[in-house]
Structures are given as C-alpha cells and as structure tokens.
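What you see is a predicted model, and the numbers here were worked out from it, not measured in a lab. Quick note on labels: first sequence line is chain A, next is B, and so on, each numbered from 1. The analysis underlying the following values was restricted to heavy atoms, covering all of them including side chains, and did not include hydrogens, waters or symmetry mates.
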Amino acid sequence: MSWFSRLRNWQTDQANGIGIRSDYHDSEDDNFATGINLSINVAGGNSPTANLPMGGFKHTGAADGSASTDYATLRQAQSSTNSYAVDSSGTDAYAITLSPAITSYTTGQIFRFFPATANTGAATLNVNAVGAKTIKKHKDVDLSDNDIKIGQLVEVIYDGTNMQMLSPLYGVVTQNGAATFAADAGASDSYVITLSPAPAAYVTGMSIYVKINTANTGAANINCNSLGAKTIKKRFNSDLTTGDLIANQIINLVYDGTNFQLTSVYGSVGDNINSSITQAAHGFVAGDVLRFNGTIYVKAQANSAANSRVVGIVSTVIDVDNFTLTLSGKVTALSGFTGGDAYFLSAGTAGLLTSTEPTGASEISKLLFIADTTTSGYFINTRGISPVASQADQEAASSTAASVTPGRQQFHPSACKAWVRFNGTGAVAIAASYNVSSITDNGTGDYTVNFTVSFSSANYAVSVNALTAATFAAMLGPDNFTAATGSQRFQTVKRSDGAVVDTDVTHFTAFGDQ
Amino acid sequence: MYKIIYTRVDGGVSIVHAVPKEELPLTFLTEEAYKQFVWERSVPSDAINPVEIQTDNIPSNKEFRYAWKQDGNNITYDLEKAKTIQVERTELAINSALQSLNAELIEAIVSGNDEEKESIIAKKENLKNSMNALIALVPESIEQIKSATPNLEAL
C-alpha cells in the first residue's frame with residue numbers, strides 16, 4: 001500500500017486544454033504534505049502508527065539498546081550484557097548492575113554473575129537495585145556454605161519470588177555428602193538418619209551411606225528423615241544377624257522398593273571368615289568343630305577320612321537355631337587352651353580339639369587350631385593326613401591307612417634287615433652294605449657279619465652266596481655257627497670239594513624282626 | 001678303614017673290617033664315637049687282646065691264614081702251625097697224585113709192562129719221601145717252609 005499518489009497530471013491537463021489552476025495546485029501540494037507527514041522523520045520527530053514491514057531487509061548500524069524499551073543489538077545479545085554482570089557487593093548479598101538496567105523483576109528472567117566472594121550460607125541477589133531476592137537451591141532451599149564459590153559463573157532464574165539456582169552447586173553435596181550420607185542417631189537394630197536435603201520419599205534405587213552408631217544384634221531397620229522404618233536385608237532377602245553391622249562402620253544401602261539392601265561388606269571380616277548358619281535345634285556350643293554331612297552340620301571327628309572333613313568351628317551361638325561358623329581366622333571367647341600350643345581334631349571325641357595328635361590306625365591327623373591365649377587362637381583348616389606308621393604298625397603289616405616313612409619302612413617283615421657285599425680275598429673289602437657295621441675275617445672263607453641294629457631274636461633268616469674268579473663257590477649254610485642277634489658267622493666253601501675258601505664276591509642278606 | 005684285631009678263644013685271629021663311617025647313618029658321630037660304635041658291635045665279649053690294627057700290618061697273602069698270630073697290633077706267624085698247614089696241604093696233593101699213580105700201576109701190571117711198573121713204583125716212592133725235609137724242618141720263616149715244600153709236578 002502506498003502512502004502518496006499524484007492528484008493531477010499536468011501534461012494530461014495541458015493536452016485537455018485545462019490550464020494551471022490554483023486550487024488544483026493547492027490540492028496537489030496538500031497531497032505532498034500528507035505523504036511527507038506519513039513518513040518517518042530521520043530526526044526521530046515522529047513514530048510509526050502501525051507495524052513497519054521490513055520486506056526481508058534489516059536495520060544496520062544500530063546502536064546498543066540502553067533502555068528496556070530499546071532494541072538490543074546482536075552484539076548485546078551475544079555478550080549478554082543485558083543479563084550478566086560481575087557482582088559488586090559483599091558475601092551472601094550479591095548485587096549486579098545490568099545495562100540496560102532493569103526496573104523490575106519478571107518471572108523467567110535469567111541473570112548471570114561472577115560472585116566476588118563465596119557464600120557462607122543463605123544469600124541474595126539484587127539486580128540494578130531493584131531489590132534483593134533470596135537465592136534458592138532445589139526450588140526452595142536456602143544455600144549452604146560454599147554453594148557459590150568465588151570465580152564460579154552463577155546463573156539464576158527469577159521464579160516470581162526468589163532467584164532459583166540454575167548452575168550447579170559447587171561441590172557441596174559431593175564434599176560432605178549430606179544428601180546421601182548421615183550418621184545414625186538411632187539405637188541398635190533401629191537406625192535413624194537425617195539426610196540433607198531431606199528426601200521427599202523412598203525411591204527405588206535410592207542409595208544412601210550410613211555410619212552405624214551401635215552394632216546390630218539381629219534383624220535391623222532404618223528410618224530416613226522420618227519417612228518410615230525399612231528393614232535392612234543382606235544377600236537380597238536375609239535378615240541381618242548379630243555382628244553384621246559394627247559400630248562406626250559406614251555401610252551402603254540401596255532401596256529396592258520394599259527394603260534397603262546392604263551392599264557393603266558386613267561382619268568382622270578383618271580377622272576371620274564367617275558364615276551365618278541357621279539349623280533348627282543345632283545343639284552346638286562355641287568351640288565345636290563341625291563338618292557337613294550332606295544334609296546338616298554335625299560334629300567332626302578324626303576317626304575316619306569322611307568324619308574329618310572339617311568345615312569350620314562354632315565361634316558364636318546366637319540362639320538354638322542359629323550360630324556363626326568361622327571358616328578361617330581368629331576365634332575368641334573359647335576356653336581350655338594353652339597359648340602357643342597346636343590343636344588337632346580329636347579322634348576320640350566328636351567336635352573336640354586336642355593337643356594330642358591322633359596316631360592310631362585309620363585316625364586322621366588334622367591340625368586345626370593354634371592358640372594364642374587360653375581363650376582364643378587361629379583356626380586353620382589344614383588337610384588331614386593319615387598317621388605315620390610306627391614300628392609296631394610296620395611289624396604288624398596290617399594297616400592300609402598309615403603312611404610309611406623312609407625311617408620305618410625297614411620294620412616291615414618283607415624288608416631285608418641287613419645285607420652286604422664284600423670281597424673276602426686278600427684284605428676284606430666291603431663294596432656296599434645296609435645295617436652292617438663290619439665284617440670280621442676269622443680265617444680263610446670264615447667271616448662274621450656284624451649288624452648295626454641287631455635282630456630282636458636269633459630267629460632270623462640268612463642267605464649267603466659267593467663265587468671266586470677261579471672256582472665257583474657257594475655258601476652251603478652256616479657251618480655249625482649259632483646265629484646271634486647282633487651278628488652271623490658263616491663259611492664260604494667250594495661246591496666241588498667242600499674246601500673252605502676265600503671268595504672274590506660274597507653276598508649276605510638277612511630277614512627277620514628287629 | 002677302621003680295623004680291629006683280636007684273638008679268639010680257639011686261638012684263631014680275627015680281623016674286623018668296619019664299614020666306613022660315611023656309609024653308615026652315623027655321619028653325625030665323631031671319629032672316636034664311630035669307632036666305639038663299631039667296637040661294641042664287632043668285638044665279642046670273649047675276644048682276647050682286641051686292638052686297632054692298620055691295614056699295612058695285615059698280610060695280603062692269606063696262604064697261611066690259619067697260622068696268623070696276633071702280636072699286639074701286628075700279625076706274625078705261628079711257624080709250626082704254618083708248617084703243619086703246608087704238610088697237610090702237601091699230603092693232600094701227594095695222596096691225590098698217589099691215587100692217580102696207583103691207577104696207572106694197575107694198568108701196567110695188567111698189561112705186563114714191567115718197565116712202566118717199575119717207573120711208577122719209583123715215582124710213588126719219591127712222592128712218599130718228598131715231604132721228609134718239610135716234616136723234619138724246624139721252620140724259622142714262611143719262606144723256609146715254602147722252600148722245603150716239594151715240587152710235586154717235578155716229581
């Protein structure tokens with residue numbers, strides 16, 4: 001739409017013979033004046049009376065706006081000078097001066113500032129002296145010490161009443177964890193904490209840390225910010241048992257929608273490894289050594305391999321149906337021990353520890369406990385071993401459980417008790433021997449073998465073989481020489497004529513009981 | 001090697017040859033204790049004059065073993081016994097040779113070979129008399145005894 005159009009066309013009038021008329025000229029001039037008056041004065045003398053379409057064009061070279069009713073240049077918008085300033089006031093009473101200045105607060109206004117100091121608690125912001133407004137966090141919570149830190153860029157939004165923090169609070173929650181951690185102020189088994197800020201309700205997945213004040217004695221619960229007591233469970237759905245929570249321990253609980261599940265380590269694991277056992281009418285007392293028979297826990301005993309498969313020792317009897325089984329580590333509150341002594345699983349009494357190592361046939365030697373005092377010690381579940389065969393075991397030669405050691409194998413009846421190989425010609429030369437202390441040369445072909453360890457009687461068996469380089473000779477048997485427990489005299493003779501001769505190689509062996 | 005000599009009640013000499021200490025489960029014993037250990041097990045209670053003897057003092061030739069005589073920690077010979085041993089040994093050899101000659105003599109007689117018969121008779125006579133010197137000998141050494149012993153192969 002155009003604001004100006006000609007009234008007359010002078011050439012047309014001339015062609016039509018119409019002369020120049022003063023009224024036509026006045027009307028045309030009036031028309032000019034009207035058109036000029038409808039234009040915007042470059043000196044700013046008039047104002048538009050309707051919206052001005054730009055037709056896709058822009059105002060260029062505009063100055064920054066300086067009043068709230070001025071346009072803001074793009075530069076102003078980029079530099080945020082209309083909403084950002086450096087605080088010029090003191091601690092907790094922040095003040096900024098924006099340009100152009102605001103004259104009032106409007107809900108939704110966003111302000112940004114660099115605080116000159118950190119806050120020490122509740123704080124306010126005053127923009128262009130319009131008025132100090134309280135800065136809130138989490139909608140309506142006053143600031144805490146150091147929520148605003150010097151040098152931090154703070155952004156707030158006016159909610160109609162207060163300035164709400166938009167920028168993150170400086171490390172307050174992570175530094176003291178007040179939102180997720182609190183010290184228990186309740187009693188044993190009924191724990192109470194107060195978190196800040198206070199949670200509005202229990203939420204599934206909510207994770208909290210609690211410093212326990214008093215150890216639990218059994219099942220326990222926790223009440224956060226008076227939202228209601230919730231049971232603390234371990235291993236998903238098991239009630240706590242005595243000693244699971246100890247004083248000054250910091251535990252982690254996660255709400256599962258119904259209960260708080262204990263996710264941190266519980267129990268006094270520093271000194272030992274325990275297992276909480278529920279077994280109806282178990283009948284055990286502290287100090288009983290137990291095995292698992294496939295169905296229930298029973299007292300272990302070192303009278304067979306199966307009975308000696310120890311699992312642990314009863315360290316605490318909670319009640320008739322519950323007890324703590326220590327699998328490894330320090331055990332206290334016992335009795336009857338001597339510090340420094342080692343204790344074995346008893347073969348004679350089920351469940352008992354004894355300082356006398358089992359050594360009988362079919363018994364198992366199983367070292368389990370080293371006492372450090374009369375009432376405590378260290379439980380160590382070692383592998384049981386079959387007892388070492390004694391000399392009597394070897395001589396009886398009947399046990400199929402005892403272990404044979406090199407120092408006793410010779411007592412078995414099948415073992416050769418003494419042997420020697422020697423050259424009897426010239427000076428007697430002993431080539432090799434076992435349990436022989438010496439060979440006595442009594443004359444040609446006449447020798448005595450002297451044993452290191454004697455036989456228990458003269459009823460032992462001897463075998464001698466001999467040969468010479470010249471003529472084969474064989475020992476035909478002791479020649480009227482009576483066997484002695486500590487020695488045996490014999491002769492080596494020629495098979496052909498019975499002549500007693502020295503031999504190059506003589507073998508002597510003896511079997512019997514020592 | 002530790003050795004002990006003693007005289008038996010029957011007059012014979014026994015030499016104990018001990019197993020070396022390192023071959024016995026006794027390496028923890030002192031040398032003195034080891035010898036005591038062997039002595040207790042090797043020397044009978046009725047042994048006469050048991051003493052330690054060095055290997056060098058034990059004759060390596062045991063031809064006259066039963067003539068050995070203990071002389072403290074040395075061994076000497078009972079020469080009369082050695083002579084007796086040599087006489088008995090030689091007699092055995094002579095008797096064996098005589099038996100062979102007897103068989104030859106019978107053959108010679110049967111065959112009527114008188115010359116052979118006489119020869120054999122002579123040989124037998126020589127054999128029987130060959131020990132006269134040995135029997136008469138008053139030995140002063142083993143060598144004398146050996147020298148007086150007839151060489152039967154030469155006869």
Side-chain angles (χ1 to χ4, degrees), chain A residues 406-410 418-455 468 480-492 494 496-504 506 508 514, chain B residues 1-26 29 33-47 50 52-70 75 81 85 88-89 92-93 96:
Chain A
R408 291 194 178 139
Q409 66 84 27
Q410 76 274 16
W419 59 266
V420 62
R421 172 182 168 135
F422 66 93
N423 181 346
T425 61
V428 172
I430 299 170
S433 65
Y434 170 75
N435 194 36
V436 171
S437 62
S438 61
I439 299 293
T440 302
D441 172 7
N442 301 306
T444 303
D446 183 349
Y447 309 101
T448 300
V449 174
N450 301 296
F451 306 126
T452 303
V453 176
S454 301
F455 285 86
T468 67
N480 296 323
F481 296 135
T482 303
T485 58
S487 63
Q488 173 66 66
R489 187 175 178 182
F490 60 92
Q491 291 178 326
T492 51
K494 247 198 265 186
S496 57
D497 57 12
V500 180
V501 298
D502 283 338
T503 56
D504 292 338
T506 301
F508 174 97
Q514 285 182 311
Chain B
M1 187 183 291
Y2 180 51
K3 301 178 192 300
I4 305 167
I5 183 172
Y6 62 88
T7 301
R8 300 189 303 274
V9 291
D10 63 2
V13 173
S14 291
I15 310 293
V16 175
H17 302 264
V19 174
K21 185 175 82 168
E22 55 270 19
E23 295 179 18
L24 293 172
L26 303 171
L29 292 180
Y34 153 72
K35 289 182 177 179
Q36 179 68 24
F37 181 91
V38 171
W39 186 287
E40 291 171 353
R41 286 160 178 75
S42 309
V43 179
S45 58
D46 57 1
E52 181 178 357
I53 184 171
Q54 300 303 313
T55 302
D56 290 344
N57 293 345
I58 302 173
S60 58
N61 189 323
K62 297 170 72 174
E63 185 177 4
F64 296 97
R65 175 64 179 84
Y66 284 107
W68 287 5
K69 185 171 68 175
Q70 181 181 2
I75 295 174
K81 192 176 288 186
I85 291 170
E88 291 175 353
R89 189 180 294 159
L92 281 174
S96 177

>> Which atoms of A:D502 are under 4.5 Å from chain B, going by heavy atoms: the side chain, the backbone, both sets, or neither?
In response: side chain

>> Taking side chain as everything from C-beta outward and backbone as N, CA, C, O, which of these in B:Y6 sits under 4.5 Å from a heavy atom of chain A? Side chain, backbone, both or neither.
In response: side chain

>> Let's test your reading of the structure: which of B:V16, B:I5, B:I15 forms the most heavy-atom pairs below 4.5 Å with chain A?
In response: B:I15

>> Ring centres under 6.0 Å, that's the criterion: do A:Y447 and A:F508 meet it?
In response: no

> To the nearest 0.5 Å, how far apart are OG1 in B:T55 and CD1 in B:I53?
Replying inline: 8.5 Å

>> Please classify the contact of A:T444 with chain B as side chain, backbone, both or neither, using a heavy-atom distance under 4.5 Å.
In response: both

> Would you say the side chain of A:S437 lies within less than 4.5 Å of the side chain of B:V19, judging by non-hydrogen atoms?
Replying inline: no

> For B:K21, is it the side chain, the backbone, both, or neither that has a heavy atom closer than 4.5 Å to a heavy atom of chain A?
Replying inline: neither

>> Is there a side-chain contact between A:I439 and A:T506 in this structure, where contact means two heavy atoms from C-beta onward sitting under 4.5 Å apart?
In response: no

>> Under a 3.5 Å distance rule, please check whether A:Q491 uses its side chain to pair with a backbone N or O of A:V500 as donor and acceptor.
In response: no

>> Tell me every residue that passes side chain to side chain donor-acceptor pair (under 3.5 Å) with B:E63, counting only those two or more places apart in sequence or in another chain.
In response: B:K146

>> Distance check, rounded to the nearest 0.5 Å: A:T425 atom OG1 versus A:D441 atom CG?
In response: 10.5 Å

> Hey, does A:Q514 have a side-chain heavy atom less than 4.5 Å from the side chain of A:Q410?
Replying inline: yes

>> Test your reading of the model: is there a side-chain donor-acceptor pair from B:R8 to the backbone of B:D46, 3.5 Å cut-off?
In response: no

> For chain A, which residues of residues 35-45 of chain B have at least one non-hydrogen atom nearer than 4.5 Å to it?
Replying inline: B:F37, B:V38, B:R41, B:S42

> In terms of heavy-atom pairs under 4.5 Å with chain B, which of A:N442, A:N435, A:V420, A:I430 leads?
Replying inline: A:N442

> Side chain, backbone, both or neither: which part of A:Y434 has an atom under 4.5 Å from a heavy atom of chain B?
Replying inline: neither

